Amino acid sequence: MNEVNLTGRVAKDPQTPSGNGPVTLIVATDRVKLKDGKTYIDEATGYTAKTTEFHKVTCFNGQGKAAATRKKGDVVAISGYLHYSSWEDCDGNARYGAEVIADRLHFF
């Protein structure tokens with residue numbers, strides 16, 4: 001089963017192509033850091049230590065129209081699937097990437 005569920009914040013304003021192409025969101029999610037299998041307090045902030053990950057999310061059709069109206073900092077819940085791609089760059093090097101293709105978006 002290939003299913004992805006993310007809840008996070010829009011990390012930068014959506015990239016919207018001219019016309020009706022797909023809209024790309026970069027979504028930031030947090031997860032707690034572990035030390036010896038346990039969460040711990042970050043001494044600099046006084047809060048539970050966390051790490052942030054950034055996810056490329058591609059939205060088509062109606063989902064793309066909804067995503068295009070959002071701004072950096074908006075909270076979004078995404079359901080979709082993971083898609084891998086490969087290509088050759090201008091220097092002939094093989095490159096690989098992953099993105100989430102959104103089936104459903106819910107903005108808070």
Side-chain angles (χ1 to χ4, degrees):
M1 179 179 275
N2 182 356
E3 188 172 328
V4 175
N5 294 300
L6 299 172
T7 301
R9 293 194 177 272
V10 177
K12 65 179 188 176
D13 289 342
Q15 298 173 357
T16 56
S18 59
N20 289 332
V23 174
T24 301
L25 292 174
I26 303 300
V27 176
T29 59
D30 291 333
R31 63 183 172 90
V32 296
K33 289 183 179 181
L34 299 177
K35 220 186 251 186
D36 299 323
K38 298 178 183 176
T39 61
Y40 64 97
I41 301 298
D42 183 342
E43 293 177 12
T45 64
Y47 294 102
T48 302
K50 295 181 181 179
T51 186
T52 302
E53 295 186 8
F54 297 89
H55 312 275
K56 179 180 177 183
V57 179
T58 302
C59 308
F60 294 96
N61 303 321
Q63 302 296 346
K65 288 179 184 177
T69 64
R70 298 304 165 171
K71 302 285 184 222
K72 177 181 177 179
D74 287 350
V75 177
V76 60
I78 298 163
S79 293
Y81 61 93
L82 195 57
H83 172 73
Y84 294 97
S85 56
S86 62
W87 65 94
E88 193 172 291
D89 69 12
C90 59
D91 297 326
N93 299 314
R95 299 287 183 185
Y96 304 92
E99 64 186 323
V100 175
I101 305 297
D103 289 329
R104 287 173 283 163
L105 298 174
H106 182 78
F107 290 96
F108 298 93

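Everything quoted here is computed from the prediction, not taken from an experiment.
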Exercise for the section: Only one of E3, R104, H106 passes side chain to side chain contact (heavy atoms under 4.5 Å, CB included) with S79; say which it is. Expected result: R104
Least distance between heavy atoms, [X] atom then [Y] atom:
{"X": "N2", "Y": "Y81", "result": "O-CB, 3.4 Å"}
{"X": "A67", "Y": "V23", "result": "CB-CG1, 4.1 Å"}
{"X": "R70", "Y": "P14", "result": "O-CD, 3.1 Å"}
{"X": "D13", "Y": "K71", "result": "OD1-CA, 3.4 Å"}

Handout entry: Gap separating the CH2 atom of W87 from the CG atom of N93, nearest 0.5 angstrom
Key = 12.0 Å
Practice task
Please list all pairs passing the side chain to side chain donor-acceptor pair (under 3.5 Å) test where one or both residues lie in residues 44-64, with sequence neighbours left out.
Solution key: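 Pairs touching residues 44-64 that pass the test: T29-H55, D30-T52, R31-E53, T58-E99.
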Problem - Nonpolar side-chain network containing L105, other nodes, edges under 4.5 Å - result: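 Result for L105 is V4, L6, V10, L25, V27, V57, V76, I78, L82, Y84, V100, F107.
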